[in-house]
Structures are given as structure tokens and as C-alpha cells.
Amino acid sequence: MSSAPDRSIAIVLGTRPEEIKLSVLIALLGDQARVIHTGQHYSPDLTSHHRPHLQLQVGGRHRGVQIGTATAQLTEAWQADPPAVVIVQGDTNAALAGALAANAIEVPLIHVEAGLRSHDRAMPEEHNRIVIDHLADLCCAATEQHVTNLWAEGIPDSRIVLTGNPIVEAVRLAERDHAAAQQVTAPLAGQPYVLCTLHRPENVDQADRLRRVLASLAELDLPVVLAIHPRTRQRVCDFGLGHLLYGLHVVQPLSYSTFLAVAERAALLISDSGGIQEEASVLGVRLLVLRRSTERPEALGEDCKLVPHPEQLGDLAREMIARSGRPFTGSSPFGDGRASVRIADLSEMVATGALDEYTSVRSMATTSGG
Ligand code: UD1
């Protein structure tokens, strides 16, 4: 890496997937990194044990209040001690607040996982990611499709870098807690199983949809391990649907090392998570995406299918499980495992004002050997 910048590199995050995806980058940046957690995820089940340099407490409030409060608090913190560059990842309220505050204090902004588009305006994440991409000085796109999405909105090539997605190396480098995984699946007595996670508003915020989802899961041919998200548990309780959990093997959200070990041994994954679409492609595990749209169409194919209606789960799960004996099709479209290294290098270049060395930084993927 190039010489150390004069000032720190601020990383704003607030949710479980951001902590996972940025873990390798934060480790690479070492002492230069100043991690700020907005508290968007505040359940101990969804936060890591790493201590941020600054912890905000915006969780549990309305989306607008979270974004506004975190933006104000970040702006105040950075007015006193401005970072050289701000990094945000993905499409959370925390990422949007980080982007707005960086813009307000005129510090360069890097957006990791830029250019995703579901074209679904009902998703708050879609609005967040569009705004962040347009504020960012450097958009780190994971795939050619994401680059094309950014061009389509008029973002110039000079602000786009094709880096890959740091999830690839996060999955490869993360530990697997096989002992904990065995405990989780012990009640299934060695049977093959489906691992499921659910938390998107489109699946859990309406009683009828959530009832249909849980009923369809309980009717699958294989037992279902449901790592229940706090939001989903709350909705099950609010809607009086607790009885529908009896047909499932419900467990608390798993630590990442346990999740990966359970996922690797699953016959099939079912999820509405964005990150799990990427992870499944790295792990080589088949996935049904229980959503009406996806911002990751490059993941779709024989081994990863979009399922808009829960009633389709039974047939599609049977079809997928029947393919278990066959090799997984293709490698992950999300990168080569060097995205974090590229983004760390770029951050230092931005921090030291050396980025102009790259006229079109899209060539970086080739110049840096991958
Ligand atoms: C959302 C966004 C995604 C963005 C991310 C961070 C969408 C659809 N999703 O993440 O684009 O990259 O914010 O900005 O807009 N996991 C565990 N234990 C469990 C269950 C899951 O560790 O019990 C892990 C998964 O392996 C995965 C992550 O948690 O790494 C997924 O978190 P989730 O809360 O599902 O968020 P996303 O939808 O991925």
C-alpha cells in the first residue's frame, strides 16, 4: 500500500451485513480506520463484538428520524475532527446518513457495493442506494451490470471503479464454527435440511403474507431451520402467528461463523436477504430468493431462483433439492476475493489526494493483478 494518509478513514455502518462485508477492509486499513456504528441494528443478536470508535444510538426509530439524527450527529463529530475520506457500504439508513454527512462537511465519499438496482420503488433500500451513488465521489461496483446501472443514471466513468464485492473474501476468510452448527442442527438427527432467513417488509410486515410464508415453509419435504430475525419474531407475535412456528426448527439469529457452517451443510437456502444471494454463490449452495424482485440478477440461474409467491416454494424446493447431486453451476459473479484490497488502496489514494493518478480507475482491476 502507498504511504499513510495524514488523516483517518471513517467507516460508517449500522447493521449486521455491513459489519460482515466491511470486516476485511477494516482489518486492512488497521489504525487508519475509524469505525462509527449508528446503532441501526441494536439487538445483541445482530451486532458483532467489535467495538466501534464511536457508537450512536439511532436504532428503533422511524427511518427518517434515524437518517436525520445520524446525519446530524456524524456532521457534528466530523466538524470537530474531520476524516480524510468516508466509506459507506450498501443501502442502509446508516450508509445514507454517512453519505449525507460526508457531503455536508465536504469530505470525499466512497460507496462500496455501488450500482445495485432492484427497480422496486417500494423498497427503502432502493432509494437509499440511488441517493448514495449520486453523492459518492467514487462508486465501487461489484459487477459489470452495476457499472452499467450507474452509467444509465449519468454517473461518469471517472467516478466508477469495478472492484468486486468484499463479501467474497469475507466468506472465504471467515471462521466456521462447526461445533455450534452441530448443536443447531442436532434435533434434526442427521436429516438433510433447509436453512431459512426472512426479515424484509414485503414478507413479514403483512399478516396474510407472513402466514402464507410460514405455512409454505412448514409444508416442505425437508425440515426447515429458521434463524429468526428479531423483526420477524416481533411480527409473528404481533399477528398472533406463533402456532405456525411449531412446524419449523426455529433458532435465534446465528453468529456469522455458525451461520456459514450451517449454510454450507444445508441442502437448500431460502431467504429474502440481499447478502445471502452473494454468499450462496460463493459457498456453492442452492438458494430460493423469496422476493418479488432482486437487485442481484447476476446471481439468478439454475441454482438460484426468484420466488415471488410463497406457494411456489414447495415445487421449486423439490426441484432444487433434486439437483443436489449435480455440481453447482458457475462461480460467483461477485468478484475474485480482492475487492477489499482494491478498496483499501483506493481509500488511501483518495485520502492522500493521489487518486488523479488513475484517469479511468476501472482499469485498476487489471493493473492490480485481478
Ligand atoms: C442489506 C441489503 C444489502 C446490503 C446490506 C448492507 C437488500 C435486499 N439488502 O442486507 O443490499 O448489502 O444491507 O448494506 O437491499 N446472517 C448471519 N446470521 C443469521 C442470518 C444471516 O450472520 O442468522 C448473515 C448472512 O450471512 C449475511 C447477512 O447476515 O451476511 C445478511 O444480513 P441481512 O440482515 O439479511 O441483510 P441484507 O439483506 O443482506
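Read the numbers this way: they start at 1 and go in the same order the structure lists the ligands and their atoms.
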(request) Classify the contact between Arg291 and ligand 1 as side chain, backbone, both or neither, using a heavy-atom distance cut-off of under 4.0 Å. (result) side chain
(request) Have a look at ligand 1 and work out which part of Glu126, if any, has a heavy atom under 4.0 Å from it: side chain, backbone, both or neither. (result) neither
(request) Could you tell me which atoms of ligand 1, counted from 1 in the order shown, lie closer than 4.0 angstrom to a heavy atom of Gly275? (result) 37 (P), 39 (O)
(request) State, yes or no, whether a side-chain contact exists between Ile110 and Cys140 at a heavy-atom distance under 4.5 Å. (result) yes
(request) Quick one: look at Arg200 and ligand 1, take heavy-atom pairs under 4.0 Å, and tell me if it's side chain, backbone, both or neither. (result) side chain
(message) Within the structure, is a non-hydrogen atom of Gln252 found at a distance of less than 4.0 Å from ligand 1?
(response) no
(request) Name the closest protein heavy atom to atom 4 (C) of ligand 1, giving the residue it belongs to and the distance to 0.1 Å. (result) Glu113 OE2, 3.3 Å
(request) Identify the protein heavy atom lying closest to atom 10 (O) of ligand 1, giving its residue, its atom name and the separation to 0.1 Å. (result) Pro17 CG, 3.5 Å
(message) Quick test of your reading of the model: are Arg342 and Asp345 salt-bridged, counting only N-O distances below 4.0 Å?
(response) no
(request) For Gly90, take its heavy atoms, then give the atoms of ligand 1 lying under 4.0 Å from any of them. (result) 14 (O)
(request) Using a strict 4.0 Å cut-off to heavy atoms of Lys21, name the atoms of ligand 1 that fall inside it. (result) 12 (O)
(request) Would you name the heavy atoms of Ser281 and Phe334 that are closest together and state the gap between them? (result) OG-CD1, 3.6 Å
(message) Suppose I only count heavy atoms of Gly274 and a 4.0 Å limit; which atoms of ligand 1 are within that range?
(response) 8 (C), 9 (N), 37 (P), 38 (O), 39 (O)
(request) Using a strict cut-off of less than 4.0 Å between a Lys/Arg side-chain nitrogen and an Asp/Glu carboxylate oxygen, indicate whether Arg231 and Asp205 qualify as a salt bridge. (result) yes
(request) May I ask which of Arg296, Glu125, Arg129 has a heavy atom nearer to atom 11 (O) of ligand 1 than the others do? (result) Arg296
(request) Name the orientation class of the two ring planes belonging to His229 and His41 (parallel below 30°, tilted from 30 to 60°, perpendicular beyond 60°). (result) perpendicular
(request) Flag the pair Glu126 and Arg121 as a salt bridge only when some basic side-chain nitrogen lies within less than 4.0 angstrom of an acidic carboxylate oxygen. (result) no
(message) Does this structure show an ion pair linking Arg117 with Glu125, if we count only N-O contacts that are shorter than 4.0 Å?
(response) no
(request) Any atoms of ligand 1 less than 4.0 Å from a non-hydrogen atom of Glu18? List them with their elements. (result) 6 (C), 14 (O)
(message) Check this for me, if you would: do Arg159 and Asp137 make a salt bridge, where the nitrogen-to-carboxylate-oxygen distance has to be below 4.0 angstrom?
(response) no
(request) Please work out which of Ser273, Ala170, Ser255, Pro124 has its closest non-hydrogen atom nearest to atom 35 (O) of ligand 1. (result) Ser273
(request) Among all protein heavy atoms, pick out the one at the shortest distance from atom 14 (O) of ligand 1; state its residue, atom name and that distance to 0.1 Å. (result) Gln89 OE1, 2.9 Å
(message) With side chain to side chain contact (heavy atoms under 4.5 Å, CB included) as the test, pick out the partner of Cys304 among Val285, Val289, Leu288.
(response) Val289
(message) Give me the nearest non-hydrogen protein atom to atom 23 (O) of ligand 1 as residue plus atom name, then the distance to 0.1 Å.
(response) Leu254 N, 2.8 Å
(request) Identify, for atom 2 (C) of ligand 1, the protein heavy atom at the shortest distance, and state residue, atom and that distance. (result) Asp91 OD1, 3.2 Å
(message) Between Arg176 and Glu264, does any NZ, NE, NH1 or NH2 come within less than 4.0 Å of an OD or OE carboxylate oxygen?
(response) yes
(message) To the nearest 0.5 Å, what is the distance between CD1 on Ile11 and CG on Leu29?
(response) 5.0 Å
(message) Just to confirm my output: which protein heavy-atom neighbour is closest to atom 33 (P) of ligand 1, and how far is it?
(response) His199 CE1, 3.6 Å
(request) Under 4.0 Å from a heavy atom of Pro253: give me the atoms of ligand 1 that qualify, with their elements. (result) 23 (O)
(request) Give a yes or no on whether a salt bridge exists between Asp133 and Arg129, defined as a side-chain N under 4.0 angstrom from a carboxylate O. (result) no
(message) Taking the basic N atoms (NZ, or NE/NH1/NH2) and the acidic carboxylate oxygens, is any pair closer than 4.0 Å for Arg286 and Asp303?
(response) yes
(request) Measure the CG-CD distance between Asp177 and Gln183 for me, rounded to the nearest 0.5 Å. (result) 8.5 Å
(message) Residue-level breakdown please: for Ala227 versus ligand 1, do any non-hydrogen atoms fall below 4.0 Å on the side chain, on the backbone, on both, or on neither?
(response) side chain
(request) Please work out whether any backbone atom (N, CA, C, O) or any side-chain heavy atom from C-beta onward of Ile20 is under 4.0 Å from ligand 1, and answer side chain, backbone, both or neither. (result) side chain
(request) Look at atom 19 (C) of ligand 1 and say which protein heavy atom is nearest, naming residue and atom and giving the distance to 0.1 Å. (result) Arg16 NH1, 3.3 Å
(message) Give me the residue, atom name and distance of the protein heavy atom closest to atom 26 (O) of ligand 1.
(response) Glu279 OE1, 2.7 Å
(request) Please state which part of Tyr256 comes within less than 4.0 Å of ligand 1, counting heavy atoms only: side chain, backbone, both or neither. (result) both
